[in-house]
Amino acid sequence: MNRLLIFDTTLRDGEQSPGYGMDSEQKLRLARQLEALGIDVLEAGFPAASPEDLAGVRNIARELKSSQVAALARCTEYDIEACARSLEPAVRGRIHIFLSTSDLHLAHKLGIDRPTALDKIAKSTRLARRYSADVEFSPEDATRTDLDFLIQATQVAVDEGATVINLPDTVGYSTPGEYRAMFEAVRARVAGIERMTLSAHCHNDLGLAVANSLAALEGGARQIECTINGIGERAGNASLEEIVMALHVRGGIYPFETRIQTHLIYPTSQLLSALTGVGVQPNKAVVGRNAFAHESGVHQHGVLKDRRTYEIMTPESVGAPPTRLVLGRHSGRHAVAARLTELGYPVSGTTLNLIYDRFLRACESGASLSDDDLIQIALDNRPPPDPPYTVSLVQASAGTVRPATATVRLNREGQTYVACALGDGPVDAVCTCIDSITGHPARVVGYELRAISEGRDAEGEVSLRVLIDERVFSGRAVGPDIVEASARAYLSAVNKCLAARPEIKPPQVPAVNNAARESFVGAQP
Ligand code: KIV
Ligand code: ZN
């Protein structure tokens with residue numbers, strides 16, 4: 001197996017694109033997550049940009065142990081020294097210098113000629129090597145650079161002690177065959193290149209960033225530069241999750257090993273969205289909301305029989321919520337029956353046929369149906385069963401002092417149960433109270449909050465999905481207090497599970513101290 005280095009530039013090339021700015025606390029949080037994810041090199045920023053940028057890179061350099069920290073510099077003394085200062089606390093630092101080499105950039109961006117460019121590359125590589133044993137050189141706009149000059153520029157960097165040569169497709173202009181050929185040419189024509197790590201850095205202007213990065217591997221690259229969710233300048237950079245999962249799923253074609261913990265891919269993607277407030281497009285490969293959702297009847301039927309029919313990787317393998325069958329007019333009877341069973345309303349035979357007809361009529365507008373709509377259709381002919389638990393009190397306190405605390409009182413079969421718990425926030429605390437009482441903890445795998453009227457006194461609608469014993473149940477509640485609505489939505493999802501599993505009885509023990517969760521649960525007559 002060939003070892004492939006994953007170089008993440010979410011905090012540099014990604015962060016500098018519109019809408020993705022982060023403060024130093026947020027950057028540190030994401031850096032910790034990226035290290036846990038298993039990236040080899042983390043490009044933490046561009047220290048010469050401002051004292052804050054320098055301090056941000058320094059913070060990350062001080063913190064990371066298993067991932068190497070890189071910082072970017074133009075070919076100037078000022079930039080390289082800023083990088084050196086920012087990387088002082090790093091266990092292993094890398095100075096990444098770059099200079100444009102295409103004639104277009106030399107003439108119109110830098111206003112210098114080729115010999116001057118070569119001189120700058122030589123001086124800057126030498127200076128960077130004085131500060132760091134590991135120096136990466138990028139000839140910016142490599143894919144639009146005259147090949148002979150690219151070879152010359154690369155040779156200068158190699159001769160002056162660079163350790164990594166990165167060939168960026170800065171404007172996303174290249175194609176897979178062309179990009180691969182460029183790596184082959186550099187490998188064939190630059191003396192000493194066999195001692196270097198060759199690296200690919202692709203932008204996505206033609207949607208080819210991942211394809212080009214994979215082609216670079218075939219040309220000899222052993223480092224790929226990429227970002228979480230593919231964020232980056234313009235159409236973005238090559239997306240880390242797509243590259244890693246392509247290697248994972250198509251290991252026969254790409255026999256490369258990385259250190260990436262694939263089950264942390266989705267949580268990392270979600271963390272980036274939460275920190276920046278920018279969501280992921282629904283159909284984004286690997287991490288989009290629809291990446292593991294199926295609506296067509298034929299597909300749903302296949303997935304219900306064997307998910308491999310329409311899934312080339314499992315959501316679990318990337319840490320994503322389980323496969324979702326979206327019910328709409330393309331869905332078949334099997335999918336409707338399966339979802340109703342999941343929701344605690346098993347149906348079959350003529351009842352299923354009746355429900356399915358009504359379901360199709362309800363879908364005529366083209367909309368997909370929520371679980372609650374489906375339950376309503378199923379219940380049209382029978383009274384709704386009493387939910388196992390009802391809420392009689394929700395009290396939570398939260399604010400700047402952590403942890404949040406909550407008390408919840410539930411009733412079941414004439415008995416009242418009370419639990420108190422701590423949590424990261426009030427919603428976490430009330431859900432922990434409910435878990436303590438039911439004795440059946442659930443994991444929230446989807447949570448949405450929506451204002452259903454205008455103004456700050458608007459009612460909030462909470463829709464959530466929970467995972468219990470590998471099955472998904474949904475809950476929904478509306479109210480002016482979003483913590484209470486969250487508790488009710490959560491309980492309604494848990495109730496669906498309990499209604500489908502009558503063998504799960506309420507706790508018999510009158511009072512339990514659950515030290516691990518720091519919660520208390522007791523039954524009151
Ligand atoms: O796209 C690019 O050329 C870059 C370099 C600075 C590596 O981001
Ligand atoms: Zn770039």
Side-chain angles (χ1 to χ4, degrees), residues 5-18 20 39-49 53 57 68-76 78-80 82-83 86 94-106 108-110 117 120-121 124-125 128 134-145 149-150 153-154 157 162-174 178-179 182-183 186 196-213 216 221 223-240 242-243:
L5 300 175
I6 298 293
F7 177 117
D8 180 278
T9 184
T10 307
L11 287 171
R12 200 278 297 169
D13 223 352
E15 200 261 351
Q16 70 190 24
S17 58
Y20 289 99
I39 60 157
D40 297 289
V41 188
L42 182 150
E43 187 160 56
F46 182 35
D53 283 76
V57 175
Q68 188 173 1
V69 181
L72 185 71
R74 286 165 297 196
C75 280
T76 69
Y78 180 82
D79 277 25
I80 294 170
C83 273
S86 71
R94 175 186 294 179
I95 298 181
H96 177 189
I97 55 173
F98 74 100
L99 188 90
S100 291
T101 47
S102 66
D103 289 332
L104 191 68
H105 278 215
L106 289 180
H108 299 290
K109 182 181 124 177
L110 299 176
K120 277 179 179 290
I121 294 167
S124 301
T125 311
D134 197 1
V135 171
E136 172 169 333
F137 170 65
S138 293
E140 192 186 2
D141 206 17
T143 51
R144 291 191 302 170
T145 297
F149 186 61
L150 181 70
T154 308
T163 46
V164 180
I165 297 294
N166 179 47
L167 303 177
D169 184 23
T170 304
V171 288
Y173 176 72
S174 204
E178 198 179 67
Y179 198 52
M182 184 178 68
F183 279 80
V186 168
M196 309 286 119
T197 301
L198 271 181
S199 168
H201 178 114
C202 298
H203 282 265
N204 206 28
D205 300 67
L206 292 175
L208 291 172
V210 170
N212 286 341
S213 304
Q223 172 179 284
I224 291 187
E225 305 197 352
C226 46
T227 60
I228 299 296
N229 296 343
I231 69 168
E233 289 288 2
R234 306 177 309 279
N237 286 60
S239 124
L240 180 146
E242 294 174 24
I243 289 165

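Every heavy atom of this structure was used, including side-chain atoms; hydrogens, water molecules and symmetry mates were not. Along the sequence shown, the residues carry numbers beginning at 1. In each ligand, atom 1 is the first atom listed, and ligand 1 is the first ligand listed.
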>> Checking Thr170 against Glu233 for the side-chain contact (heavy atoms from CB on, under 4.5 Å) test, could you report, in this order, the C-alpha distance in whole Å, the side-chain angles of both residues, the deciding distance, and whether it holds?
In response: CA-CA 9 Å; Thr170 304; Glu233 289 288 2; over 6 Å; no
> Which of the N/O/S atoms in His203 sits closest to the Zn ion (ligand 2)?
Replying inline: NE2
> Hey, which N, O or S atom on Asp13 ends up closest to the Zn ion (ligand 2)?
Replying inline: OD2
> Is ligand 1 less than 4.0 angstrom away from at least one heavy atom of Glu233?
Replying inline: no
> Is there an N/O/S atom in Glu233 that lies less than 2.8 Å from the Zn ion (ligand 2)?
Replying inline: no
> Are Glu178 and Thr143 linked by a side-chain donor-acceptor pair shorter than 3.5 Å?
Replying inline: no
> Does an N or O anywhere in Asp13 fall below 3.5 Å from an N or O of ligand 1?
Replying inline: yes
> For ligand 1, which atoms have a heavy atom of His203 less than 4.0 angstrom away?
Replying inline: 1 (O)
> Between Arg12 and ligand 1, which part of the residue brings a heavy atom under 4.0 Å of the ligand: side chain, backbone, both or neither?
Replying inline: side chain
> Taking only heavy atoms of Ser138, which atoms of ligand 1 are found under 4.0 Å from at least one of them?
Replying inline: 7 (C)
> Hey, mind stepping through Leu240 and Ile39 against side-chain contact (heavy atoms from CB on, under 4.5 Å) and telling me if it holds?
Replying inline: CA-CA 10 Å; Leu240 180 146; Ile39 60 157; 4.0 Å; yes
> Hey, what's the ring geometry for Tyr179 with Phe183, parallel, tilted or perpendicular (30° and 60° as the breaks)?
Replying inline: perpendicular
> By atom name, which N, O or S atom belonging to His201 lies closest to the Zn ion (ligand 2)?
Replying inline: NE2
> Below 4.0 Å from any atom of ligand 1, is there a heavy atom belonging to His96?
Replying inline: yes
>> Please find the pair of heavy atoms, one from Thr10 and one from Thr227, that lie closest to each other, and give the distance.
In response: OG1-CA, 3.4 Å
>> Looking only at the side chains, is there a donor atom on one of Thr101 and Thr145 sitting less than 3.5 Å from an acceptor on the other?
In response: yes
>> Nearest non-hydrogen contact with atom 3 (O) of ligand 1 belongs to which option: Leu99, Leu167, Asp169, Thr170?
In response: Thr170
>> What I'd like to find out is whether the side chain of Glu43 reaches to under 4.5 Å of the side chain of Leu72, using heavy atoms alone.
In response: yes
>> I need the atoms of ligand 1 closer than 4.0 Å to a non-hydrogen atom of Pro168, numbered in the order shown.
In response: 2 (C), 3 (O)
> Any idea which atoms of ligand 1 are less than 4.0 Å away from a heavy-atom of Glu140?
Replying inline: 3 (O)
> For the atom pair CG (Asn204) and OG (Ser239), what is the distance rounded to the nearest 0.5 Å?
Replying inline: 8.5 Å
>> Please list the nearest protein heavy atom to atom 4 (C) of ligand 1 with its residue and the distance rounded to 0.1 Å.
In response: His201 NE2, 3.5 Å
> Just checking, any donor-acceptor pair under 3.5 angstrom between side chains of Asp169 and Ser174?
Replying inline: no
